[in-house]
Amino acid sequence: MRLFTHNMLSSNIKGVSNGFPLRIEVEQVLEKQVDFNPDFVKNLFPKLEWKALVDGARTLGYAELPEEADSSMLESEEFLRKVHHALLELHLEEGALTCPETGRKFPVTKGIPNMLLHEDEV
């Protein structure tokens, strides 16, 4: 699971009002090279929850993103490459995503998060 995906997932358990961001529990992380596309990163940037991305990247062992970012930084190719790496090249292969409110764990197996809810959570 890429951090791009993590940045858009939340817990939809009935009654949960604070289901984002899901905490990441790491068992295995893979790095997979993806062709650099600066325009993709620039277009995606306004839609990102920056703090969730930074925290997720650090949990996966990548500490190269600044604490805060703004659109003026999109002129820097170095910054764009760091964001690209965090969003698209780091993969949570095995682990779990945990609801910040309930503590419910959603397993990630072979890079795929299982966000299915139990019957009593719908």
Side-chain angles (χ1 to χ4, degrees):
M1 180 198 72
R2 295 173 174 165
L3 288 178
F4 171 72
T5 303
H6 173 260
N7 203 266
M8 298 182 184
L9 290 176
S10 65
S11 175
N12 290 315
I13 297 171
K14 177 176 56 178
V16 169
S17 59
N18 182 28
F20 181 86
L22 296 166
R23 288 190 305 269
I24 299 174
E25 295 181 22
V26 177
E27 290 179 25
Q28 181 184 15
V29 175
L30 298 178
E31 287 190 31
K32 300 178 184 179
Q33 188 171 358
V34 175
D35 290 338
F36 177 59
N37 182 339
D39 290 331
F40 178 77
V41 176
K42 287 178 182 180
N43 289 330
L44 187 62
F45 183 80
K47 299 171 181 80
L48 294 173
E49 280 291 334
W50 187 255
K51 182 172 177 0
L53 176 61
V54 171
D55 291 347
R58 290 189 176 151
T59 301
L60 297 185
Y62 185 67
E64 298 298 314
L65 297 177
E67 283 291 325
E68 296 181 9
D70 62 58
S71 60
S72 69
M73 300 170 90
L74 297 175
E75 301 305 315
S76 165
E77 183 175 329
E78 179 185 1
F79 174 75
L80 291 174
R81 286 189 179 277
K82 288 177 181 181
V83 175
H84 164 85
H85 181 71
L87 283 173
L88 302 173
E89 296 183 330
L90 296 176
H91 290 254
L92 177 64
E93 192 68 10
E94 301 290 333
L97 302 174
T98 305
C99 174
E101 189 171 316
T102 66
R104 161 78 147 79
K105 292 186 183 197
F106 299 95
V108 177
T109 306
K110 296 181 182 175
I112 300 170
N114 180 348
M115 301 297 292
L116 294 175
L117 300 177
H118 298 132
E119 205 171 294
D120 62 335
E121 296 173 326
V122 179

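Heavy-atom basis, side chains included; hydrogens, waters and symmetry copies ignored.
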Participant: Output the distance between atom CG (Leu88) and atom CG (Leu3), rounded to the nearest 0.5 Å.
Facilitator: 9.5 Å
Participant: Identify the heavy atoms of Pro46 and Asn43 that sit nearest to each other, and give their distance.
Facilitator: CD-O, 3.4 Å
Participant: Suppose the criterion is side chain to side chain donor-acceptor pair (under 3.5 Å): which pairs have a residue in residues 20-30, not counting sequence neighbours?
Facilitator: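 Every side chain to side chain donor-acceptor pair (under 3.5 Å) pair that includes a residue of residues 20-30, provided the two are not neighbours, is Glu25-Thr98, Glu25-Lys105.
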Participant: Output all residues satisfying side chain to side chain contact (heavy atoms under 4.5 Å, CB included) with Asn114, sequence neighbours left out; order by chain, then residue number.
Facilitator: Pro107, Leu116
Participant: Could you work out, with side chain to side chain contact (heavy atoms under 4.5 Å, CB included) as the rule, every residue matching Asn37, not counting sequence neighbours?
Facilitator: Asp39, Phe40
Participant: Is Met1 linked to Ile112 within one hydrophobic cluster, defined over Ile, Leu, Val, Met, Phe, Trp and Tyr using a side-chain heavy-atom separation of less than 4.5 Å?
Facilitator: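 Looking at the clustering, Ile112 is in a separate group from Met1.
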Participant: Only pairs at least two apart or in different chains count here, so list each salt bridge (charged side-chain N to carboxylate O under 4.0 Å, His left out) that has a residue in residues 110-122.
Facilitator: Arg104-Glu121
Participant: What residues, two or more places apart in sequence or in another chain, satisfy salt bridge (Lys or Arg N to Asp or Glu O under 4.0 Å) together with Glu49?
Facilitator: none
Participant: Suppose we screen for ring-ring contact (aromatic ring centres under 6.0 Å, His included). Which residues come up paired with Phe36, at least two apart in sequence or across chains?
Facilitator: His84
Participant: If you apply the rule side chain to side chain contact (heavy atoms under 4.5 Å, CB included), what do you find for Glu31 with His85, and how did you get there?
Facilitator: CA-CA 9 Å; Glu31 287 190 31; His85 181 71; 3.1 Å; yes
Participant: Once salt bridge (Lys or Arg N to Asp or Glu O under 4.0 Å) is applied, do any residues pair with Glu75, and if so which ones, sequence neighbours excluded?
Facilitator: none
Participant: Please report the shortest heavy-atom distance between Glu89 and Gln33, naming the atom on each side.
Facilitator: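 Nearest pair, atom of Glu89 first, then Gln33: OE2-CA, 3.6 Å.
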Participant: Same hydrophobic cluster for Trp50 and Leu90, using side-chain heavy-atom links shorter than 4.5 Å among ILVMFWY?
Facilitator: yes
Participant: Using the side chain to side chain contact (heavy atoms under 4.5 Å, CB included) criterion, which residues pair with Asp70? Sequence neighbours excluded.
Facilitator: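 So Asp70 forms a side chain to side chain contact (heavy atoms under 4.5 Å, CB included) with Ser72, Met73.
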Participant: Can you sort out the partners of Phe106 under ring-ring contact (aromatic ring centres under 6.0 Å, His included), two or more places apart, ordered by chain and number?
Facilitator: none
Participant: Working to the nearest 0.5 angstrom, can you tell me the gap between Glu64 CD and Glu78 CD?
Facilitator: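 Going from CD on Glu64 over to CD on Glu78, the span is 8.5 Å.
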Participant: In chain order, what residues pass the salt bridge (Lys or Arg N to Asp or Glu O under 4.0 Å) check against Glu68, with sequence neighbours excluded?
Facilitator: none
Participant: What are the two closest heavy atoms between Val16 and Cys99, and how far apart are they?
Facilitator: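 That closest heavy-atom pairing would be CG1-SG, 4.2 Å.
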Participant: Which heavy atom in Leu97 sits nearest to a heavy atom in Leu9, and how many Å separate them?
Facilitator: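 Shortest heavy-atom contact: CD1-CD1, 3.9 Å.
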Participant: Residues in salt bridge (Lys or Arg N to Asp or Glu O under 4.0 Å) with Lys42, at least two apart?
Facilitator: none
Participant: Enter the distance from Asn7:CG to Lys51:NZ here, rounded to the nearest 0.5 Å.
Facilitator: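 NZ of Lys51 is found 12.5 Å from CG of Asn7.
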Participant: Find out whether His6 and Leu22 are in side-chain contact, i.e. whether some heavy atom of one side chain is under 4.5 Å from a heavy atom of the other.
Facilitator: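 In contact.
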Participant: Which pair of heavy atoms, one from Ala57 and one from Leu65, lies closest together, and at what distance?
Facilitator: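 Reported closest heavy-atom pair: CB-CD1, 4.0 Å.
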Participant: Taking all non-hydrogen atoms of both residues into account, name the closest pair between Pro100 and Asn18 and its distance.
Facilitator: CG-O, 3.1 Å
Participant: Which residues pass the side chain to side chain contact (heavy atoms under 4.5 Å, CB included) test with Val26, sequence neighbours left out?
Facilitator: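 Checked Val26 against side chain to side chain contact (heavy atoms under 4.5 Å, CB included); matches are Ile24, Val29, Thr59, Leu60, Leu92.
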Participant: Between His91 (side chain) and Gly111 (backbone), is there a donor-acceptor pair under 3.5 Å?
Facilitator: no
Participant: Between Phe4 and Phe20, is there a shared hydrophobic cluster once you connect ILVMFWY residues whose side-chain heavy atoms come closer than 4.5 Å?
Facilitator: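 Different clusters.
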